[in-house]
Each structure stands twice: as structure tokens, then as C-alpha cells.
Engineer: 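One structure coming up, written as C-alpha cells, with questions to follow.
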Amino acid sequence: MALNQLEKGYEPHEVEKKWYDFWEENELFAAPENTAEPAYSIVIPPPNVTGVLHMGHALNITLQDILCRYRRLKGDSVLWMPGTDHAGIATQNVVEKKLASEGVSRHQLGREKFIEAVWAWREESGSAIINQLKRLGASCDWKRERFTMDSGLSEAVRKVFVQLYHEGLIYRGDYIINWCHRCHTALSDLEVEHEDVDSFLYHIRYPFPDRSDGLLIATTRPETLFGDTAVAIHPDDPRYQNLPVNEVMLPLTDRRIPIIRDTYVGMEFGTGALKVTPAHDPNDFEIGGRHGLPRLKVIDDTGQMNGAAGQFSGMDRSACRQAVVEALKKNGLLEKMEPYRHSVGHCYRCKTIVEPNLSKQWFVKAKPLAEKAIAAVQDGQTRIVPEIWAKNYFDWLNNIRDWCISRQIWWGHQIPAWTCPDCNHLIVAMNAPACCPHCAQPNLIQETDVLDTWFSSALWPFSTMGWPNDTPLLKKYYPTSVLVTGFDILFFWVARMMMMGIHFMNMVPFRDVYVHALVRDEFGKKMSKSKGNVIDPLTICDQYGTDAFRLTLAAFAAQGRDVKMSEKRVEGYRHFINKLWNAARFALMHVDKGYASLPDQPLSLPNRWILSRSQTVTRTVTNALDNYHFNEAASQLYQFVWHEFCDWHLEAVKSDLYEKEGEQARNDTRCVVWHVLKNILILLHPMIPFVTEEIWHMLPGTSGSIMRAEFPDVQENRIDLDAERHMAILIDITTALRNIRGEMNLPPSLVLKCQIQTLDERIVTVVQEYGNQIQNLARLESLMTCNPGEKPPACATAIIENAVIHVPLEGVLNVDQELLRLEKELKKINTDLDAVIRKLNNEDFLGKAPDDVIEKVKSKQFALVEKHAKLQANISKIQSIHGAGAHP
RNA sequence: GGGCGGGUAGCUCAGUUGGGAGAGCAUCGGCCUUACAAGCCGAGGGUCACAGGUUCAAGCCCUGUUCCGCCUACCA
């Protein structure tokens, strides 16, 4: 009956939709708040609302989903908190672009209307990525979905800002920051990507006031010379010990600037003389600070030269560089242009070259927060897995610099700070104050800047659970169990969550941080739109099914390695899904009911064996998932299902199922197949949820969703080493016979006879009791054992441990071929034997190696010697036949 | 400049306290054997980057070399 419902090949599409809807409708993802069961919680790394699902998300989500589904099966109360972040700059860019296509700029709209437009955009397209996550099977508690701009999360942001400000951990000041002219905002150090660029090192002469030679400086940025307020040399530089004057002329201007002495200057680099531009270079800013130099800005916030650049004002900074170089050449002040490769900062959002720029910004004083974040990992409150990433985490936090958190954009959390236009008093508070506490002036002006998106993301583990309110959710699920993320946001996000979590909750935000790899293309290159090597996860799901895709990701998620993705690999796992499907199909042809327990009576060898193996696999998979060894869980199950359950167990019990061994055997085997298949489905469910749910519902004796099933425990009493040894004999004999068939080119239609010479009781037992199965597996018409020495007629032979297998092939035997086969085998044995003998002849080995190792080698030697002798005997025998045949 | 990771079969990679070199894909040969041709059976293929060292024993530990990748850094 069930067979009619099961297609011959597995078709994932409708199945996936059906079960995802079913799970949602039945609220199987919902996190319970008031349960006694242990809590297990994960907060999702919030994807950016402008984002579309890419491979990185797919891997990240799949791993989290595996963990959550696994813990649910284990009986935990699981919270997987979903949501998105508002991605200030990116979202603003997207909406501005959209408006531009309608011929409107945000400035025309004004701030309020613009923000309305962003919200409207979010309503319409912001959930796209959420639906894509669902397509992957993500079992998040969607009813709890959060957004960093929600009112609750915004309140958390304000509270954190205000408290940090009053604790002196947030301050405002004029510093050099990274400025993106295109995004028109400051960026934090982390948001700047450095890239090597081919450029020139310009050697420019700064003459002395009397027009004599002057100093030669070297720079990569001649256009900033208008902002120079000094030239610096090293105080010990012998070349400059006897300068006639202490000033030089700034080229292309009539300004004089001082020569200062500072040990920062490298005597070996360039000419040993450095132009100092405090308003456009972080180092020069510091030098300027030490020497009290003026800070002269020459590039405005749009990237154009300002009035201070004289004749060049109004020019774009890059055009100005060309123009300045030309002008210097004309004036004979450009001494040399040396090709030079150096690293230049680019905006991580739009790739524009960032400008170090003097600006008034808000900063988080990071050091005190970082110290606690370091300690928490050092003393094990939070564990970073794999451990290798802890070092990166420490390095960054140990050298942390203050975090520039203000952004000159409109979309984001507006900084809760107000200034009084009358007395200039600054007020930082949760809500807008009615009037100035200093002078009572009522019309206060709010800071127009918004906060870095990562500032709100840093609160994610507790703000999503309702903080600053004391909610049941926080009680039950904070700290979270694990954070799963890529190493690319270890600093951006993980370290900052650690700092904020510890500071505001007095508890680390997560017990474990599992850092996974980056997904690259099949050649190991980072996927990017510009390279055109992106593989769209949704296309893969459509083409191969989500389960196959998830299993591929899990199987390649080995710790500490990049995942190189290619469709070919997914294809292989699709075959596995289909294999599982067909194994289930076969099982369902025979199993017509569920079973509460396994039979009491002794079971047959294949049944005892598969139950034993199934325990070991359960243990391995459990350990693997407990330790984030996803690839091991995946490959173990792949191996077990395909190459043990399907290849050997199901094949070996076919005669049972077709009732060739009696009703009892059939019933026992049905029961075992049911149990093993059920366990396989549950073990696989975290990785391949859809197909396992589908089969689960077709399996008699199950009810409800597989999500509500119980993860199997290891039943020690089912581990049966005796059965494993005996089954190994059965497999060895079968394989040896198949090998003969294959190597001798004997067609499957030719049924063989077989005689096994042995004195080994175990082999005799296996052959006597399970001869039928071996006959089926190896296509034999007869199988018997006999004592060594009995000479069968012309036959092919194979040696296994403690036995010689004979296949009489009178009239069929190709003597040359058989001889070749045996000699190949002998060669292999000789190689192994040589190595073993060398070891055993080594006195040091015998004296120093542990006994069990020596024993192992000795028994190996024994087996090899025996095999060798038997092979040799067979070869002589064949040769004699050969001789008899060829030379009568 | 500093740091980290990697180099194992044709390809992609496993290999967890040092003791029999593995998987998937690809290749070759044979099969429509009543679950599965998205399959079954069999086979071939590796100086574990190179050179030293420690050890009875090294893919694994140590040193050096080399190639590739990534992260990070203010030397103009």
C-alpha cells in the first residue's frame, strides 16, 4: 500500500513546501518560556535587510538549524531567535538609489519623509531574506522576529548609549576619522578595507625662504600639501644637523611652514623628510598634536578641494593630484616620481577611497570594555571553537582603539544627545528633555548623527529577548548556548557583543562561539558579484533539493577550512537523498506496522550486526554534533546508511523479507528494519529535515512530526562485537567471491559453486548458518566447507583470514588470468610482510614499543605468512595445471 | 612589517592525544540481479610540498626552505 505512495525517485519540491508549512502551522519552532527542560538558545546573526541570501548565510543558517533541531530531538527547550539589522549605510544607499530613479534626492524630501520612505521600502522588500531563510528549512521561532529599529531594541540602544556616556565610556571629540565622500559619513576602522594600489612616491622640493635648495620630501599624496603645516625630520638625522633656517616655503603657495624635529620620522625612508598634514593623516594628526601645529583642512566632505587649496579649490581630490603634479613639474619642484605600491583604505560598502579627515564624532572608549571581554574567554566563561580563533580575538581586543560610532546619515538610531543653542550645554538622555537644565531654554537641538549599525547589533543577544525589561525569555534563555558565525565578523560583532553583554548583563552573551568557514567558489576564490562566480543557494535548492544542499554544506563544514562549493558536490549528496528514499521505499514494501520493541528471541547475524553498528553510529553522531564536527556526523551517516544498511544489511535480509527463511525470520527482520530505519531518520533529521519528515509520515507506527521524536540513546547491550566479527567473515567471503567474478570477467548470469577450506569454527558456523545469504549475495548455486588438503579440480582461489576459497571453474577457468590475479595478490602480501618483518627484526622496537603494539604486529605477521603460504600453494597448483594443459 | 591557515589519489578534501594512508567525485572493466541506472559489482591510482631533526616508530612533534590563501599594520 505504501509503495503506491512512494515515487521511484525522490522529488523534493512539493515535499519541502508541504512540510515547512506544516511545521509553521503546528508551531513546532516555537520556543517555550515556562518549561523545566534545559534551555538551548541561539540568536541568529541578523542578516542585513537589504541582503539577498548568499552562500555564507546558507552555511551559517544550516549549521544553526542542525544544532537547534538536534537539541529539540534531545528534549531541550530551544529558542532560535531570528531577525534582521537595519544596515544603516547600505539601506540608505538602496533607498536613495531608488529615489534617484524617481528623480528625488533625500535632501529634497527632508529627513522625516526620507525615513518614512525607508520604512515603506522595508515593508515591501525587507522580508525577502527571511523567506529565503525559510526556504533553507530554518526552524527559527518566527513569531519572535526582531529588527534592530524596533521600538524595544531602539530603547535598548538609547539606554546603553546614555549609561555609557554617564560612565565616561562614550565621549565626543575632534579626531581624525575615516571619511567616505560617497556615503558622506564617518566610518569605524573596521569598516575600512585596505588594498594595495599601484601609485607613485613623489619627491617634492620644499625650498628655503631664500629660494635655495631646501628640503626634499617624499609623499604619496601631493594634493594634500596645501594642508601641510610643517615639515618633519628626525632630530638625529646627520643630513639635517646644520640647517641654515627653520622654515621652508610650501610649494605652489607663498606660505612658510616650520621645520620640526620628531622621532616618528624614519631616517631610512624616502628622503628622511616628512610633510605634516594634521587634518588629513592620522600620524600627522598625532605629530601635530605633539608640536601644537594648526590643523588645516583642504578637502571638504564631498571630496573637493576647498578654499585653502588656492587656485585648485573646487577640484576633485584625484584631479587635483594630477594638476598639482603638473604644476610642480612646471615649477621644477618635482624631483622624482617613483613607482610605488602601497595600501589604501576603501569604504567597505561602496569601495570609494576613504579620506582621513578631521571631524567631530562620538566614540566608545573601548579599552575598559575590552579587558572584560578578554578575561571572559581566558577564564572559559565563553569558549571559542575552533580554539585557533581565540588568538585573533585576543590580538584584536588587546590592541583595540576607540570605536567611532557616529554616522552622518539619516537611517539609524539618532543619537540621544541635545545641545542648548543658548548656553551650548550638552544633554544626553533617554528622552528629549523639555528644556535646558542649565538655562531653561526650551528649544533644544538634537544631535543629527545616528549610531553605527553595529552598535545596536552589539546588544542583539539581550535586546532581542526584551532587555531592558526583565522578561521570562531573558531568564530562561540568556546567556545563549552558542553563537554561530563566520570569522569575518569576529571583531565587528562577536567581540562587541561580548563587551556589551558583560557590561550590561553581567554575564557573557554566549557559552560557545562556533566560528565556521567562509564559502568560496570551487577554485577557492571569494564569491563576488563582480567576479561573476556567485552560486545562488536558492538555485541550488531548486535544482538539487534543499536537503541535498544542506547535507553538502554540513559535510564540507570541516573546522578551520574554507568551504569550496560546486554544484557537482551537491549532486553527489542528492544521490544520497535518493538512496535513502529508495531504501525507505524498499523497507515499506515489507514493513506494515510499527514495533514498540525489538524481539526477545535471538536474532540473526545481519540483524544483530546492524543493530550493533547502529549503536556505534548513534554514539559517533551524538559526539560529533555535541562538538560541532558537522562533517563527521554527515559522513558517518552517509557511510552507515549507504554502505552498511543498504549495501549489506538490506541485501543480506532479502531472503528473510521474501519469507524464504520462514515466518519468524521475516517478522524479526521486519521489526529490525523498522527500528534501524526509524533511528536513521531521526539521526539524519537535523541535517536533512524534509525527506526525513516525509518518510517518517509514511513509516507505520509513527505519529506527528519527526521533530517531536526522541533522539536515540546508545543501547550498550545492543553492541555485539561477536556479531561484528562474524559479519566481517560473511562480508569477506562475499567480497572475495565477487572479486573473483570481477577479475575473471565472469558474467553475473553464471552461477558459481564454492568450496571453503577452513578449520576455523567461526567460519564454519557462518557458512552453515548463513550460507543462503552468501549464496544470494555472491550468486552461488552451492556453498560448502571442507577440510584443508582436499583438492578441488581446476578452480579460482581466494585467500581470506583462516580460509581458502575455491571456485571450481572447469572448462571456464582462464589459467593465465588466474595466475596473474594470484601473483598480484602475492605481491601485495610480500610488501606488507616485508614491512612487518623489518619491524619484528628490530630489537629496539621489541624493547621499547608497548606490548599491545608488538602483539598486533605479530598477529599480523602470522596472518600474512599464512596467506602467503596458501597463495604460493595455489600458484604452484595453477602452474601445474597450466603445465599439464599447455605441455602435455 | 606582524600573525594565522594550508600543500595528502586526476579533482575536492577527511585523517582528535605518533603505531595498519582514507572518503566522495572522476577514471577503467562488468551488469537493467524483482528498493534504487540519481543504481549494482569489481579494479586501478598517493616519496602525505621539500630538506633536516626527535623517536623503536612521523601525514601527525621540532627546525629550516618553498609555494598558495587569508587576516592585520600609521612608516610618508
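Predicted model only: the values in this text are computed from it and were never measured. Here is the naming used below: chain letters follow the sequence lines, and residue numbers restart at 1 for every chain.
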Engineer: Look at A/K579 and B/rC40 and indicate whether a side-chain polar atom (N or O) is within less than 4.0 Å of OP1 or OP2.
Structural biologist: yes
Engineer: Nearest to the side chain of A/R738, heavy atoms from C-beta on, is which of B/rC41, B/rA35, B/rU33?
Structural biologist: B/rC41
Engineer: Here's one to test your reading of the geometry: is the NZ or CZ of A/K654 within 45 degrees of the ring axis of A/F586 and under 6.0 Å from its centre?
Structural biologist: yes
Engineer: For A/P356 and A/I176, which heavy atoms make the closest approach, and how far apart are they?
Structural biologist: CB-CG2, 4.1 Å
Engineer: As a quick check of understanding, evaluate side chain to side chain contact (heavy atoms under 4.5 Å, CB included) for A/S199 and A/R321, giving each step before the final call.
Structural biologist: CA-CA 12 Å; A/S199 173; A/R321 178 178 300 180; 4.0 Å; yes
Engineer: Could you check how far CZ of A/R341 sits from P of B/rC75, rounded to whole Å?
Structural biologist: 15 Å
Engineer: Give the minimum heavy-atom separation between A/D228 and A/I257, together with the two atoms involved.
Structural biologist: O-CG2, 3.7 Å
Engineer: Taking the same atom, C1', in B/rC71 and in B/rG64, what whole-Å distance lies between them?
Structural biologist: 25 Å
Engineer: Would you say a side-chain N or O of A/H629 is under 4.0 Å from OP1 or OP2 of B/rU16?
Structural biologist: no
Engineer: With a 4.0 Å heavy-atom cut-off, tell me which residues in residues 220-234 of chain A come close to RNA chain B, sorted by residue number.
Structural biologist: A/T220
Engineer: For B/rG19, does either OP1 or OP2 sit under 4.0 Å from a side-chain N or O belonging to A/K860?
Structural biologist: no
Engineer: Contact class for A/G266 vs. all strands (heavy atom < 4.0 Å): base, sugar-phosphate, or nothing?
Structural biologist: base
Engineer: Work out which heavy atom in A/G486 is nearest to a heavy atom in A/V515; give both atom names and the distance.
Structural biologist: C-CG1, 4.2 Å
Engineer: Between B/rG18 and B/rA9, how far apart are the two P atoms, rounded to whole Å?
Structural biologist: 23 Å
Engineer: Within the 4.0 Å heavy-atom criterion, would you say A/F576 contacts the bases, only the backbone, or no part of the nucleic acid?
Structural biologist: nothing
Engineer: Considering heavy-atom distances to RNA chain B, does A/N392 or A/P747 have its closest nucleotide positioned more toward the 5' end?
Structural biologist: A/P747
Engineer: For B/rA76, does OP1 or OP2 lie under 4.0 Å from any side-chain N or O of A/N283?
Structural biologist: no
Engineer: Would you call the rings of A/F269 and A/Y340 parallel, tilted or perpendicular, where under 30° means parallel and over 60° means perpendicular?
Structural biologist: perpendicular
Engineer: What heavy-atom pair brings A/C404 and A/S188 nearest, and what distance separates the two atoms?
Structural biologist: O-CB, 3.8 Å
Engineer: Have a look at A/G272 and say if it touches a base, only the backbone sugar-phosphate, or nothing, with a 4.0 Å heavy-atom cut-off.
Structural biologist: base
Engineer: Of A/E632 and A/E743, whose closest RNA chain B nucleotide lies nearer the 5' terminus?
Structural biologist: A/E632
Engineer: Tell me whether the side-chain N/O atoms of A/W642 come closer than 4.0 Å to OP1 or OP2 in B/rC40.
Structural biologist: yes
Engineer: I would like to know whether A/Y240 and A/I259 meet side chain to side chain contact (heavy atoms under 4.5 Å, CB included); could you show each step before the answer?
Structural biologist: CA-CA 10 Å; A/Y240 304 124; A/I259 298 169; over 6 Å; no
Engineer: How close or far is atom C1' of B/rU34 from atom CG of A/N776, stated in whole angstroms?
Structural biologist: 13 Å
Engineer: Contact class for A/V857 vs. all strands (heavy atom < 4.0 Å): base, sugar-phosphate, or nothing?
Structural biologist: nothing
Engineer: Take A/Y638 and A/Y573 through the ring pair (Phe, Tyr, Trp, His ring centres under 6.0 Å) test and state the conclusion after the steps.
Structural biologist: CA-CA 9 Å; A/Y638 184 103; A/Y573 287 95; 5.6 Å; yes
Engineer: Would you measure the distance from the C1' atom in B/rC4 across to the matching atom in B/rA26 and give it in whole Å?
Structural biologist: 33 Å
Engineer: Atom CG of A/L737 and atom P of B/rG42: how far apart are they, to the nearest Å?
Structural biologist: 11 Å
Engineer: Return the value, rounded to whole Å, for the distance between atom CZ of A/F845 and atom C1' of B/rA58.
Structural biologist: 14 Å
Engineer: Heavy atoms only, 4.0 Å cut-off, all strands: where does A/R741 land among base, sugar-phosphate and nothing?
Structural biologist: nothing
Engineer: Reckon A/K856 touches a base, only the sugar-phosphate, or nothing at all at heavy-atom distances under 4.0 Å?
Structural biologist: nothing
Engineer: Can you check whether any acceptor in the base of B/rA35 is under 3.5 Å from a donor in the side chain of A/E651, or vice versa?
Structural biologist: yes
Engineer: How close or far is atom P of B/rG10 from atom NZ of A/K568, stated in whole angstroms?
Structural biologist: 16 Å
Engineer: Charged N to carboxylate O below 4.0 Å: is that the case for A/D656 and A/R666?
Structural biologist: no
Engineer: For A/E855, answer base if it contacts any base atom (sugar-phosphate contacts may also be present), sugar-phosphate if it contacts only those atoms, and nothing otherwise; contact means non-hydrogen atoms under 4.0 Å.
Structural biologist: nothing
Engineer: Taking only Watson-Crick and G-U wobble pairs with both distances under 3.5 Å, what dot-bracket line describes RNA chain B, where [ ] shows pairs that cross earlier ones and | shows pairs with another strand?
Structural biologist: ((((((((.[[[[.)...(..]]]].(((((.......))))).....[[[[[..)....]]]]])))))))....
Engineer: If I pick the P atom on B/rG42 and the same atom on B/rG24, what distance separates them, to the nearest angstrom?
Structural biologist: 12 Å
Engineer: Distance check: side-chain N/O of A/H590 vs OP1/OP2 of B/rA35, anything under 4.0 Å?
Structural biologist: no
Engineer: Taking the same atom, P, in B/rU63 and in B/rA73, what whole-Å distance lies between them?
Structural biologist: 27 Å
Engineer: For atom C1', what is the distance between B/rA49 and B/rG7, given to the nearest Å?
Structural biologist: 5 Å
Engineer: Would you indicate, yes or no, if B/rC74 has its OP1 or OP2 atom less than 4.0 angstrom from a side-chain nitrogen or oxygen of A/R401?
Structural biologist: yes
Engineer: Distance check: side-chain N/O of A/Y573 vs OP1/OP2 of B/rC25, anything under 4.0 Å?
Structural biologist: no
Engineer: Measure distances between side-chain N and O atoms of A/Y264 and base N and O atoms of B/rC74, and say whether any donor-acceptor pair falls under 3.5 Å.
Structural biologist: yes
Engineer: From C-beta outward on A/N578, which listed nucleotide comes closest to its side chain: B/rG5, B/rA38, B/rC56?
Structural biologist: B/rA38
Engineer: What heavy-atom pair brings A/A554 and A/M687 nearest, and what distance separates the two atoms?
Structural biologist: CB-SD, 4.1 Å
Engineer: Looking only at atom C1', what distance separates B/rG44 and B/rU27, rounded to whole Å?
Structural biologist: 9 Å
Engineer: For atom P, what is the distance between B/rU54 and B/rC13, given to the nearest Å?
Structural biologist: 35 Å
Engineer: Among B/rG19, B/rG5, B/rG3, find the nucleotide with the atom closest to the side chain of A/D395.
Structural biologist: B/rG3
Engineer: May I ask you to evaluate whether A/Y658 reaches the phosphate of B/rA35, defined as a side-chain N or O under 4.0 Å from OP1 or OP2?
Structural biologist: yes
Engineer: Of A/K275, A/H280, A/E355, which is the lone residue that meets side-chain hydrogen bond (donor to acceptor under 3.5 Å, both in side chains) with A/T224?
Structural biologist: A/K275
Engineer: Need one value for A/P850: base, sugar-phosphate or nothing, where a base atom within 4.0 Å counts as base even if backbone is also close, heavy atoms only.
Structural biologist: base
Engineer: Considering only B/rC4, B/rA76, B/rA35, which nucleotide approaches the side chain of A/A218 most closely?
Structural biologist: B/rA76
Engineer: Just say parallel, tilted or perpendicular for the rings of A/Y348 and A/F492, cut-offs at 30° and 60°.
Structural biologist: parallel
Engineer: Tell me what A/Y340 touches on the nucleic acid: a base, only sugar-phosphate, or nothing, going by heavy atoms under 4.0 Å.
Structural biologist: sugar-phosphate
Engineer: Does the side chain of A/K8 get closer than 4.0 angstrom to OP1 or OP2 of B/rA37 through an N or O atom?
Structural biologist: yes
Engineer: Considering every strand and a 4.0 Å limit on heavy-atom distances, what is the contact class for A/T219: base, sugar-phosphate, or nothing?
Structural biologist: sugar-phosphate
Engineer: A/H575 has a side chain; which of B/rA43, B/rA38, B/rC4 sits nearest to it?
Structural biologist: B/rA38
